[in-house]
Amino acid sequence: MMQFSPTVAPSLLSADFSRLAAEIAAVEQAGVSVLHLDVMDGHFVPNITFGPPLVASVRPLTRMTFDTHLMVTDPLKYAEPFAKAGSDWISFHLEAPCEPSAVIDKIISCGAKPGMVVNPDTPVVGLRPYLGRLHHILIMSVYPGFGGQTFISNVCGKFAELRDMGFTGRLEIDGGINLETAAVAARAGADLLVAGNSVYGAKDRSKAIADILAAAQSAAMVSGG
Ligand code: DX5
Ligand code: ZN
């Protein structure tokens, strides 16, 4: 089975939007290679964040991979604008009222890497038909919509379930990641840890990232992951 060493993807949602360039540079200088971008449409979730123009304007500032998490009702409509704006990975929710195969086709045809997301209460079995085509799967450990919520630990069994189902791509966890929960998630098999508040809420972003990474990597080693 393919194994990845755990890495941290800071979520720009928790950054200071009045100084985005500096906020992006701070995590890139800390060695981050994947930046998580939370897109909310005010319909699929009760909050609105940003759209393709913002992604396009920050794209030239960094070489980091843009991991775009679409919390939108119509991912088929928005996949292409985000890919054109510079999103490298694009994920959408199994709970969105769409035909997942068509959305995956669209993301791939735009040159981006497709991922799917499940909410805390959604079983992963619904992802089975799409596993062979997905670059990553994102497991929500909070209900989507806002940063700074408390980690729901009982989602962690989903990583082993997905590996048992034969999924070999990246396994991402999103919501409530801190030093303690990063270890729990990494031990359970998560290899990409999205962290909003625990990175951008910290004074020293580099230290916050290094500490989360160390907690996750030592937990993954103990579990043999
Ligand atoms: C929640 C978003 C998360 C969020 C994580 O809807 O998908 O990516 O920004 O933030 P924290 O790490 O603060 O829970
Ligand atoms: Zn997210």
Side-chain angles (χ1 to χ4, degrees), residues 6-17 20 23-24 26-27 30 32 34-51 54-55 58 64-73 75 78-79 82 87-96 107 112-122 134-156 158 170-186 190-203 205 207-209 211-213 215-216:
T7 49
V8 175
S11 168
L12 201 63
L13 184 61
S14 300
D16 176 350
F17 277 31
L20 275 184
E23 294 285 62
I24 290 169
V27 298
V32 163
V34 179
L35 186 67
H36 187 80
L37 302 176
D38 286 305
V39 175
M40 306 185 190
D41 67 352
H43 187 263
F44 183 74
V45 287
N47 194 9
I48 298 178
T49 56
F50 48 78
L54 183 133
V55 176
V58 299
M64 287 185 288
T65 295
F66 281 176
D67 168 30
T68 303
H69 172 194
L70 297 182
M71 287 162 273
V72 306
T73 300
Y78 291 105
F82 279 100
S87 295
D88 302 289
W89 304 354
I90 298 177
S91 60
F92 63 99
H93 277 255
L94 178 62
E95 299 86 3
I107 293 169
K113 297 204 160 93
M116 285 183 76
V117 190
V118 286
N119 281 340
D121 295 338
T122 304
L134 296 175
H135 166 264
H136 59 292
I137 291 174
L138 196 167
I139 301 297
M140 291 303 303
S141 42
V142 298
Y143 293 93
F146 300 92
Q149 303 182 69
T150 303
F151 186 76
I152 300 169
S153 59
N154 68 11
V155 305
C156 284
K158 292 177 178 180
R170 302 293 306 252
L171 290 176
E172 193 169 0
I173 190 151
D174 187 4
I177 289 294
N178 55 35
L179 284 186
E180 194 184 314
T181 59
V184 172
D191 55 65
L192 190 60
L193 313 173
V194 175
N197 220 43
S198 60
V199 169
Y200 279 115
K203 213 168 175 174
R205 281 80 195 268
K207 181 176 182 322
I209 291 163
D211 289 349
I212 297 168
L213 204 53

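Basis for what follows: all heavy atoms, side chains included, without hydrogens, waters or symmetry-related copies. Whatever order the structure lists ligands and atoms in, that order sets their numbers, starting from 1.
Interface atoms of ligand 1 facing His69, defined by a heavy-atom separation under 4.0 Å, are 7 (O). In summary, the atoms of ligand 1 found under 4.0 Å from a heavy atom of Val194, numbered by their order in the structure, are 8 (O). Shown in contact with Ser11 at under 4.0 Å from a heavy atom are these atoms of ligand 1, numbered in order with element: 8 (O), 9 (O). Against a heavy-atom cut-off of under 4.0 Å, Ala195 is close to the following atoms of ligand 1: 12 (O). Listed by atom number, the atoms of ligand 1 under 4.0 Å from Asn197 heavy atoms are 11 (P), 12 (O), 13 (O). Close contacts between ligand 1 and Met71 involve ligand atoms 6 (O), 7 (O) [criterion: under 4.0 Å to a heavy atom]. Taking every heavy atom of Met40 and a limit of under 4.0 angstrom, the matching atoms of ligand 1 come to 6 (O). Interface of Met140 with ligand 1, defined as ligand atoms under 4.0 Å from a residue heavy atom, comprises 7 (O).
When non-hydrogen atoms are compared, ligand 1 lies under 4.0 Å from the side chain of Leu13 (C-beta onward) but not from its backbone.
Proximity of a side-chain donor or acceptor of Lys158 to a complementary backbone N or O of Thr122 within less than 3.5 Å is detected. Without hydrogens or angle criteria, Thr7 side chain to Leu192 main chain gives no donor-acceptor distance under 3.5 Å. Between the side chain of Glu23 and the backbone N or O of Leu12 there is no donor-acceptor pair closer than 3.5 Å. Judged by distance alone, the side chain of Ser141 and the main-chain N or O of Ile173 form no donor-acceptor pair under 3.5 Å. Remark: the backbone N or O of Met140 is not paired with any side-chain donor or acceptor of Asp174 at under 3.5 angstrom. With hydrogens and angles ignored, the 3.5 Å screen pairs a side-chain donor or acceptor of Ser198 with a backbone N or O of Ile177. Checked by atom type and distance alone, the side chain of Asn47 pairs as donor or acceptor with a backbone atom of Gly145 at under 3.5 Å. Side-chain atoms of Asp41 come within 3.5 Å of backbone N or O of Phe44 as a donor-acceptor pair.
Residue contacts with ligand 1: Gly145 is placed with a nitrogen or oxygen under 3.5 Å of a nitrogen or oxygen of the ligand (distance criterion only). Considering backbone and side-chain atoms together, Gly175 places no N or O closer than 3.5 Å to any N or O of ligand 1.
Around atom OH of Tyr78, no more than 12 heavy atoms belonging to other residues, nucleotides or ligands sit under 6.0 Å away.
Among protein heavy atoms, atom 2 (C) of ligand 1 sits closest to Asp38 OD1, 3.4 Å. Scanning the protein for heavy atoms near atom 12 (O) of ligand 1, the closest one is Gly196 N, 2.8 Å. Shortest contact from atom 5 (C) of ligand 1 to any protein heavy atom: Asp174 OD1, 3.5 Å. Closest protein heavy atom to atom 1 (C) of ligand 1: Phe146 O, 3.5 Å. What sits closest to atom 14 (O) of ligand 1 on the protein, heavy atoms only, is Gly176 N, 2.8 Å. The protein non-hydrogen atom at the shortest distance from atom 10 (O) of ligand 1 is Gly147 CA, 3.6 Å.
Residue Pro75 forms a side-chain contact (heavy atoms from CB on, under 4.5 Å) with just one option from Ile107, Leu70, Val117, and that option is Leu70. In summary, of the residues considered (Met116, Arg170, Glu172), a side-chain contact (heavy atoms from CB on, under 4.5 Å) with Leu138 occurs for Glu172 alone.
Looking only at its N/O/S atoms, His69 has ND1 as the one nearest to the Zn ion (ligand 2). Restricting Asp38 to its N, O or S atoms, the one at the least distance from the Zn ion (ligand 2) is OD1. Summary: OD2 is the N/O/S atom of Asp174 found nearest to the Zn ion (ligand 2).
Among Ala9, Gly148, Ser198, Pro144, the residue whose heavy atom lies closest to atom 13 (O) of ligand 1 is Gly148.
Checked by atom type, the side-chain pair Asp38/Thr49 shows no donor-acceptor distance below 3.5 Å.
Using cut-offs of 30° and 60° for the angle between ring planes, the His93 and His69 rings count as parallel.
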